[in-house]
K.L.:
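Provided herewith is a single structure, encoded as structure tokens, for subsequent inquiry.
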Amino acid sequence: MYLYASGKSRIIAYERAADAVEHLSSEAKDLYDEGKLEDIPGVGASIAANLSDIFKTGKSKHFEALLKSVSPAVFELIPLEGIGPKLAYKLVNELKIKPPDAISKLKKLVLKGEIAKLEGFGEDSQASILKAIDDYKESGNRHLLNYAESVANLIVDWMKNDASVTRVDTLGSLRRKVSTIGDIDIACCTNDVSKTIEHFVNYPDKKRVLDRGDKKASIIIPGNIQVDLMAQRPNAYGALLQHFTGSKHHNIALREYARTKSKSLSEYGIRNLKTKKLKKLASEEEFYHSLSLSYIPPELREDTGEIQAAESDFKNQTPGLPKLIGLTDIKGDLQIHSNFDIETSHDLGISSYRVIIQKAQELGYEYLAFTDHNPSRSKHSDKQIIDLIKRKKESIEKLNYSLMHNNKRVISVFNSLEVDIKSNGDLSIPEAAFDCLDFVLVSIHSVFRLSKELMTKRVLQALNHPKAKIFAHPTGRKLNEREGVELDWDKIFDYAKENNKFIEINADPMRLDLPDYLVKDAVKRGVMLTMGTDAHHVDHMINMRYAVYVARRGWAQKVNVLNTRPFKDVKMLLI
DNA sequence: GCCGTTTTCGGCCCGACTGTTTTCAGTCG
């Protein structure tokens, strides 16, 4: 096959270029328009020409020609666990599998025992292909961060039962706090590696053992979640943590960086390529410092400039690494739904003012905002809506009065509302109702599909209202369910910065919206962010940490987030 | 195919695990 016969290096080159394009902070199309495609790392004259071809004509002659020699059935099989390009190609060609439905055709052949007859395959590989096909059917989406955390915690607890284990950590995307998680990675610091592996594969709630070696093992647990465990002795545990925290892109970039210093990195430590000596490292801090880099927090390890920043940080030069925001910096929750019934358009909260206030005090907050949805438009006249919002205003005034006089710790409550942005950019409450509110959040709850231009115009018009201060769950995405809306973020961020508007990071694990990569853009542009849990039940208020994770992944510092500030500052900026 | 404060040619991140073979290729993270 031409694609492979022409060399592995070219494949790697294309993969690198594809990764670089995917990780671009700007659109490749914009770079094409400016004639700067070759500025993308890994993109040279040849790949730039192919890309130009695609932007110009919608397709690439080069790839159309190449793809003629490969059946589409090959690409259908590659997603199967354990099937890569070579095996897929071999199976399709030797068994004459035709698209579509290559996977189910393959399954029929497996059940007939045709695979084991092929050269290079046997009974075992045939069985593992069958398992891969069955798993593939059951496996669906990536898992939400909070779910993955809860599953991982059970396994962490199980591993702590092993007496030889001195420390357990979650690694991979879970440690980097990515919003959705594929596999769960766990590291064990142990004095007896083989005993620890044995303990792991005996996890009571496993479905089956996928791999099992001397140093690592993988199991499948219900829900078809793969759990990988790596075990290491204490003296090299830092190298293991670093290696399996990733991301893949970070590690590749870091190893390339290390090579410029004649060093080679692995999960065992740092090898000096001149002396061939391996330096084992017990901690990650030592690992990074040995490369003349400042310690890089896991959330930043995506190869988006953190290595360069850590290098200059280590030399005390600017720009260094950001001093990332932490959960304890948060002084209030700016999106909470109560059960005070104003006959809302979307779901009402479940918990009362009283229990929410109590929880806010437990969390050490100075303030919070009650941001119930606006009264439903279809079921009420303008006057009824205004009356409902007046009732809410009076109830919160009473609440604030009693808080001032009855509590040891003063907590202040903003009287706010989460107001729907209608498809034309109007807000869903009558003008007179705004007088009863401190400020409002505006958000999209309908008509998610509009052109980028119209959607941007819609949001800017909504934000133009003097009481509209926060653009809540800005993309409207729901993880695993719905893509976000299309917006011209440059325009939204510029407008927000110039007009004292704030962009929310919604902490609901199903949303995590603004997404991390847009947070990074917003931070770079000096846009001020807010955080809200969007709690509809008092128990959701502890979700604030997820917003903090997103902010950290977006390089945000305390100064970038409004609700790290004391009440009087926040009041001044919102009212 | 890309890339260079050792290089415009000769390399390209690193190692574990599996299955099918007797020394390794393919896949994965």
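What you see is a predicted model, and the numbers here were worked out from it, not measured in a lab. A, B, ... follow the sequence lines: proteins, then strands. Residue 1 opens every chain. Just so you know, these numbers use all the heavy atoms, side chains as well, and skip hydrogens, waters and symmetry mates.
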K.L.:
Kindly state which residues belonging to residues 228-242 of chain A come within less than 4.0 angstrom of DNA chain B, counting heavy atoms of the residue only, listed by number.
P.N.:
none
K.L.:
With rounding to whole Å, what would you report as the distance between B/dG10 and B/dG15 at their C1' atoms?
P.N.:
23 Å
K.L.:
Can you find a side-chain donor-acceptor pair between A/Glu504 and A/His473 that sits under 3.5 Å?
P.N.:
no
K.L.:
Please list every donor-acceptor pair under 3.5 Å in which a side-chain atom of residues 90-102 of chain A meets a protein atom from a residue at least two apart or in another chain.
P.N.:
from	atom 1	to	atom 2	distance (Å)
A/Lys90	NZ	A/Glu119	O	3.0
A/Asn93	ND2	A/Tyr89	O	2.7
A/Lys96	NZ	A/Asn93	O	3.3

K.L.:
Measure all distances between protein nitrogen or oxygen atoms and nitrogen or oxygen atoms of nucleotides 15-17 of chain B, and list the pairs falling under 3.5 Å.
P.N.:
from	atom 1	to	atom 2	distance (Å)
B/dA16	OP1	A/Tyr268	OH	2.5
B/dC17	OP1	A/Asp214	N	3.2
B/dC17	OP1	A/Lys215	N	2.9
B/dC17	OP1	A/Lys216	N	2.8
B/dC17	OP1	A/Lys216	O	3.3

K.L.:
Under 4.0 angstrom, heavy atoms only, what part of the nucleic acid is A/Leu87 near: base, sugar-phosphate, or nothing?
P.N.:
sugar-phosphate
K.L.:
Could you identify which residues of residues 41-50 of chain A place a heavy atom less than 4.0 Å from some atom of DNA chain B, listed by residue number, or say none?
P.N.:
A/Pro41, A/Gly42, A/Val43, A/Gly44, A/Ala45, A/Ser46, A/Ile47
K.L.:
Test your reading of the model: is there a side-chain donor-acceptor pair from A/Lys452 to the backbone of A/Val485, 3.5 Å cut-off?
P.N.:
no
K.L.:
Determine all donor-acceptor pairs shorter than 3.5 Å in which one atom belongs to a side chain in residues 126-133 of chain A; sequence neighbours excluded.
P.N.:
from	atom 1	to	atom 2	distance (Å)
A/Gln126	OE1	A/Ile115	N	3.1
A/Gln126	OE1	A/Ala116	N	2.8
A/Ser128	OG	A/Ser125	O	3.0

K.L.:
Any strand counts, and the cut-off is 3.5 Å on both contacts for Watson-Crick or G-U wobble. Which nucleotide pairs with B/dT8?
P.N.:
none
K.L.:
Parallel, tilted or perpendicular: which one describes the rings of A/Tyr546 and A/Tyr549, with boundaries at 30° and 60°?
P.N.:
perpendicular
K.L.:
I need a per-nucleotide contact map over nucleotides 19-25 of chain B, read 5' to 3'. Cutoff is protein heavy atoms under 4.0 Å; write B for the base, S for backbone only, - otherwise.
P.N.:
SSS----
K.L.:
Please say whether the positively charged group of A/Arg167, taken as NZ for Lys or CZ for Arg, lies over the ring of A/Tyr237, i.e. under 6.0 angstrom from the six-membered ring centre and within 45 degrees of the axis.
P.N.:
no
